There are 2 protein chains.
Amino acid sequence: MKAVEILNNHKIKRTSCREGIIEVVMTAKHALSENEIRERLSGNYDRTTFYRSFKTLEECKIIHKIVIDNQLVKYALDNTVTHKNEHAHFFCTKCNTVQCLDNVTVQKYKLPDGYSDFETDVLIKGICVNCKNQNKID
Amino acid sequence: MKAVEILNNHKIKRTSCREGIIEVVMTAKHALSENEIRERLSGNYDRTTFYRSFKTLEECKIIHKIVIDNQLVKYALDNTVTHKNEHAHFFCTKCNTVQCLDNVTVQKYKLPDGYSDFETDVLIKGICVNCKNQNKID
DNA sequence: GTACGTTTGCAACGTTGTTGCATTTGAAAT
DNA sequence: ATTTCAAATGCAACAACGTTGCAAACGTAC
Ligand SMILES: [Mn+2]
Ligand SMILES: [Mn+2]
Ligand SMILES: [Zn+2]
Ligand SMILES: [Zn+2]
């Protein structure tokens with residue numbers, strides 16, 4: 001699936017910024033921050049444009065946002081094929097990467113009487129397999 | 001349990017700012033933001049002092065921080081009696097309140113091979129019982 | 001009451017994110 | 001290909017949140 005097709009499918013304008021963001025996020029192994037995406041992009045865009053593009057892409061559910069603590073924000077593709085479930089996210093506190101755990105489905109929590117929910121965010125903090133293996137080498 | 005006692009138990013200095021924060025958070029029904037705490041406080045403190053106090057109280061596990069999306073931060077008491085489990089948090093998108101769901105224990109999620117974790121944050125977004133009942137009246 | 005280490009207030013700064021407005025761009029119609 | 005117009009962009013200005021260094025004030029132990 002090409003970035004342009006994705007934009008067409010969602011009936012939103014093809015712009016180089018949107019196209020670039022999708023391409024970068026599509027090929028990334030991890031979720032990426034604004035700056036990480038910018039670095040990987042060919043064009044140069046104003047921060048405003050970036051934020052507005054993220055917002056649009058998020059509203060179309062082309063990408064989704066993952067927030068870690070209060071200052072770190074990362075974006076990942078919201079492919080309906082791989083991300084069909086509500087999935088948990090993993091944050092490695094060693095290498096600071098964020099991953100979608102597509103196979104870790106979020107359970108439905110039983111709420112107190114009268115409470116209703118429409119979304120459950122699960123963020124697991126720990127050490128990823130790469131960082132674990134790196135330790136062995138040291 | 002008095003605020004001063006809590007500070008003594010943790011062997012950190014009793015200051016009016018720390019004492020005030022603890023008292024406010026102790027008597028609150030919901031988790032409170034920096035500004036909500038400031039409003040309920042008698043003294044007036046610099047933002048820097050506030051942030052440093054929160055940090056200290058958090059490190060001592062007297063309070064804990066709950067982050068909603070990326071800009072909303074709230075604080076709640078970290079009483080080992082009521083908060084003994086890793087518990088989920090609830091964010092009402094109507095009244096913007098955050099509550100510790102002390103009875104909603106967070107399960108241990110099964111991670112991919114080689115991954116280890118030390119913390120799981122669960123934030124459930126929905127409508128609280130107050131807001132639900134308010135709708136009925138309208 | 002003194003002494004000393006800790007905490008505070010202030011100023012300055014950095015980052016993140018938003019808004020209004022003029023200009024540019026994309027895509028559809030001609 | 002050219003025209004057209006809504007939508008997207010860049011820029012400037014702004015607000016909120018959070019951090020750092022340093023001098024002054026405070027809390028506690030002697
Ligand atoms: Mn994800
Ligand atoms: Mn809590
Ligand atoms: Zn890692
Ligand atoms: Zn509510």
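Here the structure is a predicted model, which is why all the values come from computation and not from measurement. A, B, ... follow the sequence lines: proteins, then strands. Residue 1 opens every chain.
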Query raised in the report: Between atom CD in A:E34 and atom C1' in C:dG17, what is the gap in whole Å?
Result: 9 Å
Query raised in the report: Within this structure, what is the CZ-to-C1' distance between A:R47 and D:dA13, rounded to whole angstrom?
Result: 12 Å
Report task. Starting from P on D:dT28, measure out to CG on B:N8 and report it in whole angstrom. Result -> 7 Å
Query raised in the report: Stepwise, does the side-chain contact (heavy atoms from CB on, under 4.5 Å) test hold for B:R47 with B:E34?
Result: CA-CA 9 Å; B:R47 277 188 325 117; B:E34 175 198 338; 3.5 Å; yes
Report task. Give the B/S/- string for nucleotides 3-10 of chain C, one per nucleotide from 5' to 3', where a protein heavy atom under 4.0 Å of the base yields B, of only the sugar-phosphate yields S, and otherwise -. Result -> --BBSBBB
Query - d(CD, B:Q71; P, C:dT16) in whole Å - result: 10 Å
Report summary line: Whole-Å distance, A:L7 CG to D:dA8 C1', equals 13 Å
Query raised in the report: Given the side-chain rings of B:H89 and B:H64, with only the six-membered ring counted for Trp, is the space between their centroids under 6.0 Å?
Result: yes
Query raised in the report: Under the 6.0 Å and 45° cation-pi test, does B:R38 pair with B:Y45?
Result: no
Requested in this report: Step through the shown structure and confirm whether more than 12 heavy atoms of other residues, nucleotides or ligands are within 6.0 Å of CG on A:N103.
Outcome: no
Query - Length of the line joining B:Y51:OH and C:dG14:C1', which is rounded to integer Å - result: 13 Å
Query - Interatomic distance, A:R14 CZ vs D:dA6 P [rounded to whole Å] - result: 21 Å
Query raised in the report: Quick one: is C:dG17 close enough that its OP1 or OP2 comes under 4.0 Å of any side-chain N or O from B:N70?
Result: yes
Query - Gap between atoms CG and C1', on B:D69 and D:dA16 respectively (whole Å) - result: 16 Å
Query raised in the report: Going hydrophobic residue to hydrophobic residue with side-chain gaps under 4.5 angstrom, can you get from A:L101 over to A:I68?
Result: no
Query raised in the report: Linking I/L/V/M/F/W/Y whenever their side-chain heavy atoms sit closer than 4.5 Å, directly or via other members, would A:V67 and B:V98 fall into one cluster?
Result: no
